[in-house]
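Start at 1 and go down the list; that is how both ligands and their atoms are numbered. Positions are given from 1 along the sequence. Hydrogens, waters and symmetry mates play no part in the numbers below; they use all other heavy atoms, side chains included.
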Amino acid sequence: MATYQQIFKDKKDFEEQYRAACQAELGKTFEQCSLLEQFQVLAKLVASKGNAQLPVSHTTDEKKVYYFSLEFLIGPLLDNYLINYGARDLVADAMKDMGSDLDAVCRQEVDPGLGNGGLGRLAACFLASMAHNGIAGYGNGMRYRYGLFHQDIEGGRQVETTDNWLANGFPWETRKDASAVLVRFNGHVVRHEGADGKYWFTEEGGDLVRAVPYDVPIIGYAGKVVNKLRLWSAEPASEDFDLDAFNDGDYAKANKFRSDVEAISTILYPNDAGEHGRLLRLKQEYLFVSAGLQTILRTYEKQYGPKWEDLGKHVCVHTNDTHPAMCGPELMRILVDEKGVDFDLAFKIAHETVSFTNHTVMPEALEKWPINTFRNLLPRLYMFIEEIDRRWRDGLSEKLAEGANWNDVLRNTAILWDGQVRMANLSIIFSHSVNGVSALHSDILKRETFHDFAQMEPGLFNNKTNGVTHRRFLREANPSYSKIITEAIGEGWLNDADELKKLEAFESDASFLSSMDEAKKVNKERLAAYVKETSGIVLDTNMVFDVQVKRFHAYKRQLLSVFKVLDLRNRILDDPNFEIQPTAFIFSGKAAQSYTFAKEVIRLINSLADVVNNDFRVNEKIRVAFVPNFAVSNAQYIYSAADISEQISLAGTEASGTSNMKLMMNGALTLGTLDGSNVEISELVGPENIKIFGMKTEEVEELQRSGRYYAWDMYNNDRGRTGRIVDQLTDGTLANLSGNFESVHDHLMVENDPYLVMADFHSYVRAWEELTAGYSDRAAWNKSALHNTANAGFFSSDRTIAEYTADIWHI
Ligand code: 26Q
């Protein structure tokens, strides 16, 4: 039993504080507050408890970790923080007495979309686990005025609308004007020379932007440790208001400087390859890097004085992908230009302080910037990059591994190449640790993506398999299952996810296994109600819930799922006696606004849903639903209701995946390829508790190398099933809602099926049939589901953070 930091003595104490807060915040009685106002006041009250804890959370000489990420997908916080304080039951009870309903109040909270998907949610899970593990770990990111777009579905198509998440204010944040800093863009470099021949540089002119921080408390489990997430907003440094233009009625011109500056923190960029090279993105990257580092050095200097050589002993700067890659050179710039440190020492300090996580192996996703753009925007920073690149080239022959070719290695490892600044190489050269996010992915990084770096310095590379916070994705997402888990093994698992292992003792406990059915039923009903409300589709909760929820991307192969569902439909129509386990296929996820193919796959799924759900000949056996606007909040409904977790990316393409972990925790069985962390799930649960299919990474590599994959052969050799599905993309079968799918057809047949959907199709359908055949033996199925939960402790981000702490941050 954890001892919680008590924030309310008892119900009476809570009620008094809450009523007083209503008066103080809004000048209203509790009874006069709307549900939204009840939420706002309660959130402010809980935030104030967190903020009061913050200063006593750490001793001053503790090593600090700053986690730099352009994305933090934090999700709603109120429910989570009440659970962490151990106050949820008390507050729910008191609210009921007061005539309100805590669940309804929690549903008022916005779900800030300050991230795209996996990488952003990982950063949020890491904040939660750093606080849980007691580390002084702080997030550093951007406060976007608009988060990731809101997704509506019209005529089956994704339609994007702005996410005005701040419309009702954000009660968790505190604006810190006193901590604002200045960041310069487009200046010019001036060289100075002293009488002794020594020279130095300053940067002058250009535009000064004021970066203003907003802090959000991160309340750890049990409430003992509170950390903070600092999000930066861009504002004009001076009031450069054009009064003449205003008086002429040209308000746009009058406000131009202000709006140009504010644009920097206006939107979050989507994660598709087509969005590369936007100047505003580069400004975002520099703004939060520079503002964060200036603050870190200010804090450090106050505490330790100008002992810069010790920075790496007290401070870690962790960079989430290459988006904060400028951390290394910016740290050098401040040390050299503003603190008078010499160049070599400044590089050593930066190198000791900075570490880097890579999240992708897709070559087209590796970030690059045109040198000219970069140099114009950040001329002084560029000088540091150029000099480090020069020294890298200079020292290359000494570092070269046995048998390596100097020219090849230079081409692969230099920072500057082909008129571009290559951010991955920049990150690697400035970091003392580079890690991938699953065992397989880290292996591919060493073997392929960053092969030459790994040859030169094998010790630089390491693996940190991702994790997720089980307190949000199991305890909070799945109250019914959590309840029976706690009744069985106590609540120690909330603190230590490895205790879930104790559930193995219940794998043959008939009464526990049947109580799992009841727990799942509640969740399926909750999801079915949500699906009905948001898409109009009716789900039968007696069906298997087969779930694929994640960003839409060709490599994740939602198209392969479509092939399977269409194939089942075709076979049911051909043979009315064809028996399958009745299944609801549930999809959710966003496609980047400009990613045409991914958006067509969304339309395809909705068209398939329209065809299947309205056909009485098949809709008792299969049903399809697309849940609009996938986000942290509705994800929690979906994970807890799932029976099957679809993780079917082409082997070697998904760095890790994290929905696989969230679904596994909730007792869903994985149907997947040996990709990303599916490999580790499979090792942990054993072959009888997961269904693996499809080509392995080496087979994919071999097939692609050989150049002997022909989409038309797949079509011609299996006209009855594969060929028929390909034809149905354009023959009107699916056209009722909004037309045929020529571009999807061409992706397969003209672009030669780049992610080998047709190659894995038969193996996939067979695996699905074998897996679902086991569903009717409820005890056996639940035993397997429980075994998945029991072994999910490894995928708690508490474990991941413990590994970063020991191996990378050395705390
Ligand atoms: C880059 C440049 C310009 C604009 C946008 C971007 C950009 C933004 C976001 C590029 C990539 C992302 C997000 C990547 C991401 O979410 N990757 C996922 O990270 C997860 C956590 O490690 C992994 O589990 C997934 O496998 C990986 O796809």
Side-chain angles (χ1 to χ4, degrees), residues 67 69-73 113-126 141-142 144 147-148 267-286 318-326 356-369 373 420-424 427 435-442 444-445 463-469 549-557 589-595 598 630 647-663 672-673 675-681 795 797 800 804:
Y67 196 83
S69 176
L70 268 184
E71 309 192 4
F72 288 94
L73 205 45
L114 305 183
N116 273 287
L119 168 150
R121 181 56 231 180
L122 186 78
C125 285
F126 281 6
M142 280 294 273
Y144 303 107
L148 191 67
I267 60 144
L268 162 72
Y269 276 94
N271 65 355
D272 85 302
E275 287 290 336
H276 281 315
R278 301 282 179 96
L279 183 63
L280 207 54
R281 168 79 179 189
L282 193 60
K283 289 187 180 175
Q284 292 182 337
E285 293 184 353
Y286 185 64
H318 197 87
T319 57
N320 199 22
D321 216 294
T322 55
H323 318 156
M326 285 178 268
F356 163 55
T357 300
N358 167 281
H359 297 262
T360 184
V361 291
M362 301 284 188
E364 73 270 19
L366 294 178
E367 227 185 329
K368 298 179 178 77
W369 292 98
T373 309
Q420 295 183 307
V421 185
R422 301 191 294 193
M423 304 303 259
S427 292
N435 73 281
V437 289
S438 72
L440 175 66
H441 168 61
S442 298
I444 295 175
L445 289 186
N463 174 245
K464 294 288 166 281
T465 299
N466 282 167
V468 303
T469 165
V549 291
K550 49 186 79 254
R551 285 301 287 256
F552 274 75
H553 212 295
Y555 81 78
K556 295 178 188 280
R557 298 201 297 190
K590 295 177 183 177
Q593 220 158 345
S594 62
Y595 192 168
F630 189 53
Q647 307 298 339
I648 62 176
S649 50
L650 176 65
T653 61
E654 186 71 272
S656 161
T658 42
S659 73
N660 47 1
M661 303 170 183
K662 295 163 191 163
L663 285 155
T673 49
D675 198 15
S677 49
N678 298 351
V679 177
E680 287 152 87
I681 295 181
F795 295 112
S797 44
T800 312
Y804 275 86

> Does one side chain, of N320 or H359, offer a donor that lies under 3.5 Å from an acceptor on the other?
Replying inline: yes
> Are any of the side-chain heavy atoms of N358 and L366 separated by less than 4.5 Å?
Replying inline: yes
> Quick check: does S656 get an N/O under 3.5 Å from an N/O on ligand 1?
Replying inline: yes
> Should R121 be listed as contacting ligand 1, given a heavy-atom distance under 4.0 Å as the test?
Replying inline: no
>> Please report whether ligand 1 has a polar contact with E71, defined as an N or O pair separated by less than 3.5 Å (distance criterion only).
In response: no
> Which atoms of ligand 1 are found less than 4.0 Å from any heavy atom of E654?
Replying inline: 25 (C), 26 (O), 27 (C), 28 (O)
> Within the distance-only criterion (no hydrogens, no angle test), does the side chain of E71 pair as donor or acceptor with the backbone N or O of N116 below 3.5 angstrom?
Replying inline: yes
> Looking only at distance, does Y555 have an N or O less than 3.5 Å from an N or O of ligand 1?
Replying inline: yes
> Is T800 reaching over with its side chain to a backbone N or O of T465, donor-acceptor style, under 3.5 angstrom?
Replying inline: yes
> Okay, side chain of Q284, backbone of I267: is any donor-acceptor separation there less than 3.5 Å?
Replying inline: yes
>> Is it the case that the side chain of Y595 and the backbone of F552 share a donor-acceptor pair, with hydrogens and angles ignored and the cut-off at 3.5 Å?
In response: no
>> Can you name the atoms of ligand 1, numbered from 1 with element, that are less than 4.0 Å from a heavy atom of N116?
In response: 8 (C), 9 (C)
>> Side chain or backbone, does N466 bring an N or O within less than 3.5 Å of an N or O on ligand 1?
In response: yes
>> If we set the cut-off at 4.0 Å for heavy atoms, which region of W369 has an atom near ligand 1: side chain, backbone, both, or neither?
In response: neither
>> Quick check on contacts: which atoms of ligand 1 are under 4.0 angstrom from a heavy atom of A655?
In response: 26 (O)
>> What I want to know is whether L119 and ligand 1 share at least one N or O pair that is separated by under 3.5 angstrom.
In response: yes
> Does the side chain of R121 come within less than 4.5 Å of V468's, by heavy atoms?
Replying inline: no
> Can you tell which of A123, G657, P270 gets a heavy atom nearest to atom 5 (C) of ligand 1?
Replying inline: P270
> Does ligand 1 have a heavy atom under 4.0 Å from the side chain of R281, from its backbone, from both, or from neither?
Replying inline: side chain
>> Assess, by modelled atom type and distance only, whether the side chains of T469 and S797 contain a donor and an acceptor separated by less than 3.5 Å.
In response: no
> Is N271 close to ligand 1, meaning an N/O of one under 3.5 Å from an N/O of the other?
Replying inline: no
> Can a donor-acceptor pair be found between the side chains of D675 and S649 at a distance below 3.5 Å?
Replying inline: yes
> Are any of the heavy atoms in H323 under 4.0 Å away from ligand 1?
Replying inline: yes
